[in-house]
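Scroll down for the structure; my scribbles are underneath it.
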There are 2 protein chains.
Amino acid sequence: MKLLLDNQVCFDVHAASRALDGLYRGLLRDLGLTYPQYLAMMVLWEREPVTVKELGAALRLDSGTLSPLLKRLEAAGLVRRERSAADERSVLVRLTPDGAALRPEAEQVPGRLLAATGLDVEELAAFRSTLRRLTAAVDEAALAVRRAQ
Amino acid sequence: MKLLLDNQVCFDVHAASRALDGLYRGLLRDLGLTYPQYLAMMVLWEREPVTVKELGAALRLDSGTLSPLLKRLEAAGLVRRERSAADERSVLVRLTPDGAALRPEAEQVPGRLLAATGLDVEELAAFRSTLRRLTAAVDEAALAVRRAQ
DNA sequence: GCCAATTAAGTTGTGCACAATCAAAACGTA
DNA sequence: TACGTTTTGATTGTGCACAACTTAATTGGC
């Protein structure tokens, strides 16, 4: 009985995440961005330059994911990368003019997405609070599991 | 201001989903399953045989994802596939004895995972309710976007 | 000042997700 | 019955995510 798919929160989270991805895919199509690329651009629109490490900390991604993603953004002419003069290990990521110019159009997206969720302010706040505690607790547990094996 | 990553529910959902995936990775390591493979096995432990189409409906996945996933489960000796005699288009997926034998160990997982979330029954119910309405609303919106373009 | 340990990015390999396309089987209707 | 349409699953191509590993630069202890 414990194994019924319908009874598992985790599948609900998984399904919600993929549903959101799908909606983003539609909304970001005109911008030529995928959702993870959009997330990276969002960091850059707020703060620039950032190192790959900082980007990874903000998005919870490692260089194995970010390196090719940034390579694609660079190929699309939206960002450029250069090694830091101060620390040759680091790579600084900056917006190009084209990348900066994308911001106004991107600013339309969060509002449309929030509207699509159909959640009111109060429910949204409770939901996010639960999400964050869930993520923190699960991260902690994953660490414990890792240590044990 | 609208573009701050910290202010976006969708990123929270995305992050929670990845955190859960990570914990599952640790818990399923001994079973030799990935999370999506575990989901497919869960359907089969409840009902057998199922067609690829039925599996896809249960997991919200298409054949582009399921075909290679089932091929891997078959290679691991956990399931077998055969074309339906009644409808040669369909493929029936069944458990092998090895696949069925994995169930008891798998039954440990949901409980450990639920415990790891640290959520009480009441909060969990509200959370799942929000998640499901969110998914339904977002699916609807994605459909509308698709139709419009 | 030297060398081991650490850190930052990149690379490789595996697997998931999805769009687009294809082939074969089944269906429906004139 | 014949033929166009639909359905089912597989395949191809792209991109994300992560583990494991590599390389180069920096840091710290001695």
Side-chain angles (χ1 to χ4, degrees), chain A residues 11 14-26 28-29 32-40 49-57 59-76 81-93 139 142 145-146 149, chain B residues 11 14-26 28-29 32-40 49-57 59-76 81-93 139 142 145-146 149:
Chain A
F11 181 68
H14 197 71
S17 178
R18 286 195 289 137
L20 284 168
D21 277 5
L23 180 51
Y24 269 114
R25 219 186 321 280
L28 294 175
R29 197 189 194 89
L33 294 174
T34 65
Y35 180 53
Q37 289 168 7
Y38 164 76
L39 292 176
V50 293
T51 65
V52 173
K53 178 186 169 63
E54 289 164 342
L55 207 49
L59 305 181
R60 302 175 53 114
L61 293 172
D62 63 10
S63 70
T65 302
L66 282 175
S67 287
L69 186 152
L70 291 170
K71 199 182 292 182
R72 281 185 285 270
L73 285 179
E74 195 169 37
R81 291 184 290 172
E82 57 191 21
R83 297 224 85 103
S84 162
D87 184 342
E88 286 280 336
R89 290 173 303 180
S90 304
V91 166
L92 296 173
V93 185
D139 277 342
V145 169
R146 275 181 115 69
Q149 65 194 359
Chain B
F11 181 68
H14 196 72
S17 178
R18 284 197 289 137
L20 284 169
D21 277 5
L23 180 50
Y24 269 115
R25 219 187 322 280
L28 295 174
R29 198 190 193 90
L33 294 175
T34 66
Y35 180 53
Q37 288 167 8
Y38 165 76
L39 292 178
V50 293
T51 65
V52 174
K53 178 186 169 62
E54 289 165 343
L55 207 50
L59 305 180
R60 299 175 54 111
L61 293 172
D62 64 10
S63 69
T65 302
L66 284 176
S67 286
L69 186 153
L70 291 171
K71 199 182 292 182
R72 282 185 283 271
L73 286 179
E74 195 169 36
R81 291 184 291 172
E82 56 191 22
R83 297 224 86 104
S84 162
D87 184 341
E88 285 281 335
R89 289 172 303 180
S90 305
V91 166
L92 294 173
V93 185
D139 276 343
V145 168
R146 275 182 116 68
Q149 65 194 359

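Chain letters run A, B, ... following the sequence lines, proteins first and then strands; every chain starts at 1.
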To the side chain of A:Arg18, which of C:dA8, C:dA17, C:dG15 is closest?
C:dA17
Is the shortest side-chain heavy-atom distance between B:Asp21 and A:His14 below 4.5 Å?
yes
Between A:Arg29 and B:Pro68, whichever has its closest DNA chain C nucleotide further toward 5' is B:Pro68
To the side chain of B:Ser90, which of D:dT8, D:dA19, C:dA17 is closest?
D:dT8
Of the nucleotides D:dA10, D:dC18, C:dG15, which one has an atom closest to the side chain of B:Arg25?
D:dC18
Nearest whole angstrom, please: distance from the P of D:dG9 to the CG of B:Leu55.
10 Å
Give the rounded distance in Å between these two atoms: OH of B:Tyr24 and C1' of C:dG15.
18 Å
Rounded distance (Å) that lies between atom C1' of C:dA23 and atom CD of B:Glu88:
14 Å
Any heavy-atom pair between the side chains of A:Arg25 and A:Arg29 that's under 4.5 Å?
no
Under the side chain to side chain contact (heavy atoms under 4.5 Å, CB included) test, residues paired with B:Asp62 that sit two or more places apart:
B:Thr65
Has A:Lys71 got a side-chain N or O lying under 4.0 Å from the OP1 or OP2 atom of C:dT11?
yes
Tell me whether the side-chain N or O atoms of B:Ser63 pair up with the base of D:dA10 as donor and acceptor below 3.5 Å, since no angle test is needed here.
yes
Please report, rounded to the nearest Å, how far the P atom of C:dT12 is from the CG atom of A:Asp62.
16 Å
What pair of heavy atoms forms the shortest contact from A:Arg89 to A:Arg83, and how long is it?
O-NH2, 2.8 Å
At less than 4.0 Å, is any side-chain N or O atom of B:Arg81 found next to OP1 or OP2 of D:dA10? Yes or no.
yes
For C:dA17, does OP1 or OP2 lie under 4.0 Å from any side-chain N or O of B:Thr65?
no
Taking only the side-chain heavy atoms of B:Leu61 (C-beta and beyond), determine which of C:dA17, C:dG10, D:dT8 contains the nearest atom.
C:dA17
With a 4.0 Å cut-off, would you call A:Asp87 and A:Lys53 a salt bridge?
no
For A:Asp21 and for A:Gly64, locate the closest nucleotide of DNA chain C by heavy-atom distance; then report the residue assigned to the nucleotide nearer the 5' terminus.
A:Gly64
So if I take every side-chain heavy atom of A:Asp87 and compare against C:dA25, D:dT26, C:dG10, which nucleotide ends up nearest?
D:dT26
Walking DNA chain D from its 5' end, the first of B:Leu92 and A:Leu69 to be reached, judged by nearest nucleotide, is B:Leu92
For B:Glu82 and D:dG9, what is the distance between atoms CD and P respectively, to the nearest whole Å?
13 Å
Quick check: closest heavy atoms across B:Tyr38 and B:Leu33, and the distance to 0.1 Å?
CA-CD1, 4.1 Å
Gap between atoms CG and C1', on B:Leu66 and D:dA10 respectively (whole Å)
12 Å
Looking only at side-chain N and O atoms, does A:Arg83 come under 4.0 Å of OP1 or OP2 in D:dT26?
no
What nucleotide among C:dA25, C:dG10, D:dA17 has an atom nearest to a side-chain atom of B:Arg89?
C:dA25
Using whole Å, report how far CG of B:Leu28 lies from P of C:dG15.
15 Å
Please give, in whole Å, the distance from D:dA10 C1' to B:Lys53 NZ?
16 Å
